[in-house]
A.B. asks: 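Below: one structure in structure tokens.
Computed from heavy atoms alone, side chains included, the values below leave out hydrogens, waters and symmetry copies.
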Amino acid sequence: MKMKILSLNCQRGYQKGLEKFLRQTLQEEKYKLLILQEVDAKVLPFLQHPSYKLVRAFNEETGKESELCIMYGGKYNLVKTGFKSFASMRNDPRYGFKHPGFGLLWADLTIGNLPFRVGSIHLHSGVNQKARAAELEQAKEIFLKTPCVPKVLAGDFNAGYPGESSNMANILAPEFTWKTKGTGPTLDSRYSENVPHLPNRIAALLRLFNIKIPLWTDHFFVDMESAKKYDICCRVLPNRVSDHSPIEFIMGNKLA
């Protein structure tokens with residue numbers, strides 16, 4: 001068994017290179033799964049391909065489609081899906097309690113006879129790391145409700161403080177292990193939108209002097225049983241198609 005997965009915050013198509021990157025990635029069918037965040041009406045046309053199916057959800061809290069998305073190969077069997085909104089976890093200066101981007105989308109699938117759960121997560125941005133910790137605790141509880149393995153949780157964790165990624169790993173431990181530890185930063189602040197959030201406004205100011213803030217925001221976590229059973233590696237791709245870099249995840253059988 002070999003599983004290749006791509007995770008990416010699409011930044012709502014803000015960068016010009018996203019369309020070409022996604023269309024080429026799907027055309028080459030390199031990945032069995034794509035775990036995506038910030039997928040809006042602009043990005044959806046980039047995801048049309050006959051070999052893939054989409055999992056999305058309607059967010060009742062915001063009255064809009066969630067911006068989370070999971071794409072899977074059409075040969076897989078989709079068993080069930082679920083969604084948890086994080087819109088009301090904290091007040092957002094731009095959207096109030098109606099931010100459409102934050103939440104957890106998950107899907108239970110089977111590849112052959114192998115059942116597994118995959119989740120696309122987007123935790124709150126901004127200065128309130130307590131909100132992100134609370135959201136992650138909810139995500140862990142949801143993921144542990146199914147006995148199936150592997151369990152793969154990936155996406156934009158918005159970990160902006162020193163040591164916050166490690167704290168998130170501690171929240172998910174011991175049931176999950178942090179597979180992107182040491183892979184390097186994924187967010188380049190010079191490419192962030194200038195919207196009314198304090199981190200974005202600071203990034204916009206520093207961009208005038210070509211100063212970037214690199215952040216370790218995007219991650220993969222895997223259940224401990226699968227981490228012991230399979231060889232797993234992750235790498236940050238160099239493609240500049242968002243303010244976030246894509247992350248590639250490869251899981252395969254251990255060599256004898």
Side-chain angles (χ1 to χ4, degrees), residues 2-87 99-112 114-123 139 142-143 146 148 150-157 218-221 237 239 241-251:
K2 187 173 183 179
M3 173 78 69
K4 292 186 69 174
I5 303 174
L6 183 80
S7 178
L8 175 64
N9 182 319
C10 297
Q11 202 186 11
R12 303 182 185 92
Y14 189 74
Q15 306 296 334
K16 293 182 179 180
L18 179 70
E19 178 178 7
K20 181 179 179 180
F21 173 78
L22 288 175
R23 291 190 185 279
Q24 183 173 341
T25 296
L26 296 176
Q27 185 64 35
E28 294 174 355
E29 298 184 37
K30 293 174 60 176
Y31 301 101
K32 294 185 177 180
L33 290 162
L34 281 80
I35 298 174
L36 306 174
Q37 305 85 49
E38 294 195 7
V39 172
D40 64 358
K42 181 177 181 179
V43 177
L44 274 175
F46 308 161
L47 303 178
Q48 296 176 358
H49 193 277
S51 296
Y52 289 89
K53 296 180 180 179
L54 273 67
V55 175
R56 302 185 72 216
F58 186 80
N59 189 333
E60 299 288 348
E61 284 191 335
T62 64
K64 299 178 180 179
E65 286 291 323
S66 165
E67 294 180 350
L68 296 169
C69 178
I70 296 171
M71 300 190 70
Y72 65 97
K75 296 179 181 179
Y76 304 155
N77 179 38
L78 179 64
V79 179
K80 66 178 180 179
T81 67
F83 173 74
K84 172 64 177 178
S85 172
F86 295 150
H99 198 296
F102 303 129
L104 169 68
L105 174 70
W106 68 94
D108 293 341
L109 304 109
T110 55
I111 300 179
L114 178 67
F116 70 98
R117 172 167 287 191
V118 60
S120 177
I121 193 168
H122 194 184
L123 303 183
I142 290 169
F143 253 57
T146 177
C148 72
K151 297 184 183 77
V152 178
L153 177 63
D156 181 3
F157 291 75
D218 304 85
H219 298 289
F220 270 90
F221 289 89
L237 301 184
N239 308 75
V241 295
S242 167
D243 53 345
H244 296 255
S245 298
I247 299 182
E248 181 179 79
F249 169 98
I250 303 175
M251 180 172 69

A.B. asks: For the residue pair Ile247 and Asp218, what are the closest heavy atoms and their distance?
C.D. replies: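 That closest heavy-atom pairing would be CD1-O, 3.2 Å.
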
A.B. asks: On a heavy-atom basis, which atom in Val152 and which in Phe143 lie closest, and how many Å separate them?
C.D. replies: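 Between these two residues, the closest heavy atoms are O-CE2, 3.6 Å.
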
A.B. asks: Take the angle between the ring planes of Phe220 and Phe249 and call it parallel below 30°, perpendicular above 60°, tilted in between.
C.D. replies: parallel

A.B. asks: Donor-acceptor check, side chain of His244 to backbone of Leu8, threshold 3.5 angstrom: yes or no?
C.D. replies: no

A.B. asks: Identify the residue among Lys80, Lys84, Lys151 that makes a side chain to side chain contact (heavy atoms under 4.5 Å, CB included) with Trp106.
C.D. replies: Lys84

A.B. asks: Judged by atom type as modelled, is there a donor-acceptor pair below 3.5 Å linking the side chain of Ser85 to the main-chain atoms of Gly103?
C.D. replies: no

A.B. asks: Taking Val241's backbone N and O only, do any of them form a donor-acceptor pair with Asn239's side chain (distance below 3.5 Å, no angle check)?
C.D. replies: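 Answer holds: no.
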
A.B. asks: Where do Arg56 and Ser66 come nearest, in terms of heavy atoms and distance?
C.D. replies: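 Closest pair (atom of Arg56, atom of Ser66, distance): NH2-O, 3.3 Å.
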
A.B. asks: Can you label the angle between the Tyr72 ring and the Tyr76 ring as parallel, tilted or perpendicular, going by 30° and 60°?
C.D. replies: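 If you compare the ring of Tyr72 with that of Tyr76, the planes turn out parallel.
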
A.B. asks: Who are the ring-ring contact (aromatic ring centres under 6.0 Å, His included) partners of Phe157, not counting sequence neighbours?
C.D. replies: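 Phe157 satisfies ring-ring contact (aromatic ring centres under 6.0 Å, His included) with His219, Phe221 once adjacent residues are dropped.
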
A.B. asks: For the residue pair Leu36 and Cys10, what are the closest heavy atoms and their distance?
C.D. replies: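 Residues Leu36 and Cys10, closest heavy atoms: CD2-SG, 4.1 Å.
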
A.B. asks: Between Leu104 and Leu123, is a side-chain contact (heavy atoms from CB on, under 4.5 Å) present by the stated rule, with each step listed?
C.D. replies: CA-CA 8 Å; Leu104 169 68; Leu123 303 183; over 6 Å; no

A.B. asks: Quickly, which of Lys20, Glu28, Gln27 forms a side chain to side chain donor-acceptor pair (under 3.5 Å) with Gln24? Name it, please.
C.D. replies: Glu28

